[in-house]
Every structure is written in structure tokens, then in C-alpha cells.
Number of protein chains: 2
Amino acid sequence: MGRVSAQDWARAALDALAEDGFAAVAVEPVAARLGVTKGSFYWHFANRQKLIEAALALWEADSEQIIANLWEITDPARRMRTLLGAAFGDPRDAAIAFRLIGAADDPAVAEVARRVTARRLDVMRQTLEELGQPPDLARRRVLAGYGVYVGVAALRRIGMLDDSAEFVETAVAEMGLDLPP
Amino acid sequence: MGRVSAQDWARAALDALAEDGFAAVAVEPVAARLGVTKGSFYWHFANRQKLIEAALALWEADSEQIIANLWEITDPARRMRTLLGAAFGDPRDAAIAFRLIGAADDPAVAEVARRVTARRLDVMRQTLEELGQPPDLARRRVLAGYGVYVGVAALRRIGMLDDSAEFVETAVAEMGLDLPP
DNA sequence: TGACCTCCATACGGTTGCGTATGGTCCGAC
DNA sequence: GTCGGACCATACGCAACCGTATGGAGGTCA
């Protein structure tokens with residue numbers, strides 16, 4: 001296993017975070033995951049905190065990429081349905097989100113979580129407004145929909161729900177959209 | 001600081017979990033919190049895992065105690081309102097819940113989270129049925145209400161919501177209860 | 001008083017992770 | 001080809017934590 005970039009380190013760190021939590025975002029374990037040693041790490045980064053920040057930045061960038069792809073869907077109803085389907089169908093992102101919320105005592109973690117969440121809520125709100133819903137109603141429905149999303153993801157993580165396809169429909173209905181796919 | 005019981009250890013461990021996360025549920029830091037040393041710990045417990053389990057058991061017992069107090073409220077509408085007010089007004093319990101959900105890869109953690117959550121959902125469902133709501137509707141509304149609860153708690157933890165009094169009303173309305181307090 | 005039991009302090013070895021220092025390898029520039 | 005820089009391995013000291021071993025303080029009960 002040859003050379004690795006700072007990007008590779010960030011990606012591996014994000015993987016470790018998703019799979020095993022913040023404690024696993026440690027220099028030596030991630031190095032082993034990449035097949036290199038600490039020597040590589042401290043060339044690319046100053047310390048462990050920078051690695052965590054890089055992983056969070058990568059997560060944010062991934063999220064932005066998904067949003068960018070979403071905006072290519074011009075029909076707002078179809079866009080919202082795609083959004084919800086992707087959100088409910090991605091346990092990895094949900095796992096990361098819960099680790100961040102759990103570790104939100106760290107201001108750096110909280111800030112990234114806040115920024116990404118705000119961005120996602122805004123995408124939903126804007127899409128609902130495109131559908132002709134008044135701003136205040138859109139805002140409340142987005143919060144409700146986000147609540148259902150987080151709640152369902154929580155129940156799935158602790159093994160109380162197997163399938164969540166049903167709840168995509170719930171969320172869709174919650175937002176005043178009962179359009180066909 | 002004199003002698004401490006296994007209960008004291010479990011309580012201090014639960015405090016550490018709520019405040020600083022699972023990594024803080026370590027023998028020596030909790031010992032310092034209690035003003036004793038490891039010698040005390042390894043008299044009461046076999047290892048660190050047992051301490052974690054004791055903390056989770058204590059959390060479950062606390063939860064059961066709250067539920068027991070709740071059942072003393074005979075009027076189901078008032079009981080539900082009290083329940084929601086207590087739930088939304090307790091950031092400590094929310095913090096513990098998110099740490100557990102985030103660490104749900106550990107089967108022991110997931111099992112406790114599952115049991116406590118199931119118990120709480122059941123209390124809500126049963127209360128709604130007492131209010132005359134058909135079982136299937138009650139079940140769906142409990143899931144929606146739980147979703148709003150978890151979602152709001154998540155937003156509060158990352159600092160996106162200051163007050164949540166508004167959402168008690170939202171959750172109440174979500175469940176088909178628009179009764180006065 | 002003395003034997004005994006409960007509970008805890010202290011000291012120890014082992015592991016894991018952080019961060020630094022230093023030397024080695026590969027590769028392009030010239 | 002050799003020189004220099006990019007990149008990595010290795011070795012080290014340090015700190016935190018786990019679990020064990022052992023002895024000591026304090027109370028109890030005969």
C-alpha cells in the first residue's frame with residue numbers, strides 16, 4: 001500500500017466515524033486502515049483534531065454534492081420524493097448524524113452539524129415553497145418531516161424498525177404531498 | 001470522602017455518560033468524581049463493562065420511576081401533556097438517549113435503548129387509546145409524536161432551537177389532542 | 001483485646017494512543 | 001547521476017486507562 005493523500009486520510013477517518021464512532025477516529029487505527037503508519041499522518045496533518053475536522057468537512061462536502069444533484073431535478077414534487085427516499089435509505093448518513101448529535105458538546109462538531117442540518121432543512125423548505133405552500137406552513141412541515149426522519153432513523157438504529165419505506169409515505173403525507181411517484 | 005456503594009458508582013457513571021459521553025465512563029475518572037480510587041471500583045464491580053451496564057440499568061430504572069409517577073395521573077389527556085412537557089423539558093435525558101443511539105452498535109447498549117424506548121412508546125400508545133383513539137391510529141400518532149420529540153431534541157442539542165415549548169403544542173396537536181392544559 | 005470482615009489506597013505491569021525526531025525511499029529537475 | 005524535496009517507517013517519551021496484587025484502616029463480634 002503506497003502513498004496516500006490528505007483526502008484519503010479524511011475519507012478513512014469518516015469511514016471510521018461512521019462505523020465505530022468518534023473514539024475510532026484515532027491516528028493509529030486509521031493509519032492501519034489505510035495500510036500506512038503515523039509517519040504519513042503527521043506529514044499531512046498537525047494533530048488528531050485536524051483529522052476530525054477534515055472528516056467533518058468531507059461529510060459536509062458529500063452532503064453538498066447530494067444537494068447539488070438534487071437540484072437537477074426540476075419538478076419539486078419529484079425532487080422532494082427523491083430527497084426523502086435517499087434520506088431514509090441511507091443508514092450510514094444517519095449513523096454519522098447521530099454520532100455528531102451525541103458529540104455535540106464539542107463546539108466544532110456542533111457547528112458542522114448545525115450548518116449541514118440548516119442546509120438540508122432549507123432545501124426542503126424551499127422545495128415546499130416551490131410547490132406553492134406558504135412560507136410559515138412550509139417551515140413547520142419541514143420541522144415535522146425532519147422530526148419523523150430523525151425519529152425513524154433512531155428507531156432503526158436501535159433495531160425497532162426494519163423497513164422504513166412506509167415512513168417515506170408518512171413523511172410525504174406530512175408535508176401535504178400525496179402525489180404519485 | 002468516605003465509602004461509596006455500587007449504586008453511587010452507577011449514578012456517577014450515568015452522570016459522566018450524560019455530561020461527557022461513553023468515553024468518560026471510565027474507571028479512574030469516575031473514581032475521581034466520587035473522591036475515591038480504583039480500589040473501590042474493583043471491589044464492587046468486575047470490570048468496566050459492568051459499570052456501563054450498571055449505568056444503563058440505572059437509567060432504565062429512572063425511566064420506569066417516571067412512568068410510575070405518570071400513571072398516578074388518571075386523566076389521560078393531562079397525563080399525556082405532562083409526559084410531553086417532561087420529555088421536552090429534560091435535556092439531560094435527551095443527551096443520554098442520543099449517546100445511546102449513537103453507540104447502538106454495542107448490542108448491550110442497543111438492547112437497553114430498545115427496551116426503554118418501547119416502554120415509553122407503549123405508555124403513549126396506551127394513553128391515546130384511553131382517549132378513545134383506535135389502536136392503529138394511536139400507533140401511528142405515537143410514532144409521529146416520538147419523531148417530533150427526537151427531532152426537536154436533536155435540533156436543540158446542536159443549538160438550532162432555543163425554546164421547545166412551541167413544539168409541545170405541535171406534538172399535542174399531532175396526536176389529535178387540542179385540549180387545554 | 002484480638003480475630004475477622006468490609007472496603008479502600010497504593011503500587012505495579014501492560015496496552016493504546018498522542019506527538020516528536022530522525023532517517024530512509026522514491027521521483028522529478030537539471 | 002546527483003540533488004533536493006515529497007512522503008513515509010521506525011523508534012522514542014509521555015500520558016491515560018485497564019486490571020491485579022497486596023496491604024492497611026475501620027468497624028464488628030466474640
Side-chain angles (χ1 to χ4, degrees), chain A residues 1-59 95-96 99-100 102-103 105-109 112, chain B residues 1-58 96 99-100 102-103 105-109 112:
Chain A
M1 195 78 178
R3 314 213 149 174
V4 296
S5 65
Q7 270 283 323
D8 295 331
W9 274 97
R11 182 65 63 189
L14 187 57
D15 289 344
L17 173 61
E19 293 166 17
D20 301 322
F22 268 96
V25 188
V27 178
E28 275 145 333
V30 176
R33 189 183 282 255
L34 285 170
V36 293
T37 66
K38 297 192 303 182
S40 170
F41 176 78
Y42 285 100
W43 200 90
H44 292 289
F45 297 89
N47 49 40
R48 183 191 174 224
Q49 182 64 27
K50 299 292 182 186
L51 178 61
I52 292 178
E53 292 172 9
L56 295 182
L58 187 58
W59 181 62
I96 295 176
R99 313 241 195 236
L100 264 56
D105 314 81
D106 181 340
V109 173
V112 175
Chain B
M1 195 75 178
R3 314 216 149 172
V4 295
S5 66
Q7 269 284 320
D8 295 333
W9 273 97
R11 180 67 62 189
L14 186 57
D15 289 344
L17 173 62
E19 293 165 18
D20 301 320
F22 268 96
V25 186
V27 178
E28 274 144 332
V30 177
R33 190 184 280 256
L34 285 170
V36 294
T37 66
K38 297 193 302 183
S40 170
F41 175 77
Y42 285 100
W43 171 256
H44 294 289
F45 297 89
N47 50 40
R48 183 191 174 222
Q49 183 64 27
K50 298 294 181 183
L51 178 61
I52 293 177
E53 292 171 9
L56 296 182
L58 187 58
I96 295 176
R99 312 240 195 238
L100 264 56
D105 314 81
D106 180 340
V109 172
V112 174

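Proteins get letters first, then strands, A, B, ... in listed order; numbering begins at 1 in each. Scope of the values below: all heavy atoms of this structure, side chains included, with no hydrogens, waters or symmetry mates.
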Practice item. State whether the side chain of A:D8 and the backbone N or O of A:S5 hold a donor-acceptor pair below 3.5 Å, judged by distance alone. Key: yes
Check your understanding: How many Å lie between CZ on B:F22 and P on D:dC17, as a whole number?
Key -> 17 Å
Revision key, fill the gap. Note: contacts of residues 39-50 of chain B with DNA chain C (heavy atom, under 4.0 Å) are B:G39, B:S40, B:W43, B:H44
Check your understanding: Does A:R99 pair with A:D20 as a salt bridge, N-O distance under 4.0 Å?
Key -> no
Check your understanding: Which of these passes side-chain contact (heavy atoms from CB on, under 4.5 Å) with A:F41: A:V36, A:V27, A:V4?
Key -> A:V27
Exercise for review: Walk me through it: do A:L17 and A:I52 pass the test side chain to side chain contact (heavy atoms under 4.5 Å, CB included)?
Suggested key: CA-CA 9 Å; A:L17 173 61; A:I52 292 178; over 6 Å; no
Review point. Which whole-number value in Å describes the distance from A:E28 CD to C:dT15 C1'?
Key: 11 Å
Study note, to complete from the structure: CG (A:D106) and CD (A:E53) are apart, to the nearest 0.5 Å, by 8.5 Å
Practice item. Let me know the distance between CG of B:D8 and C1' of C:dC8, rounded to the nearest Å. Key: 14 Å
Practice item. Side chain of B:R3 only, please: which of D:dC18, C:dG17, D:dA25 is the nearest? Key: D:dA25
Point to revise | Ion pair check, A:E19 and A:R33, cut-off under 4.0 Å | key: yes
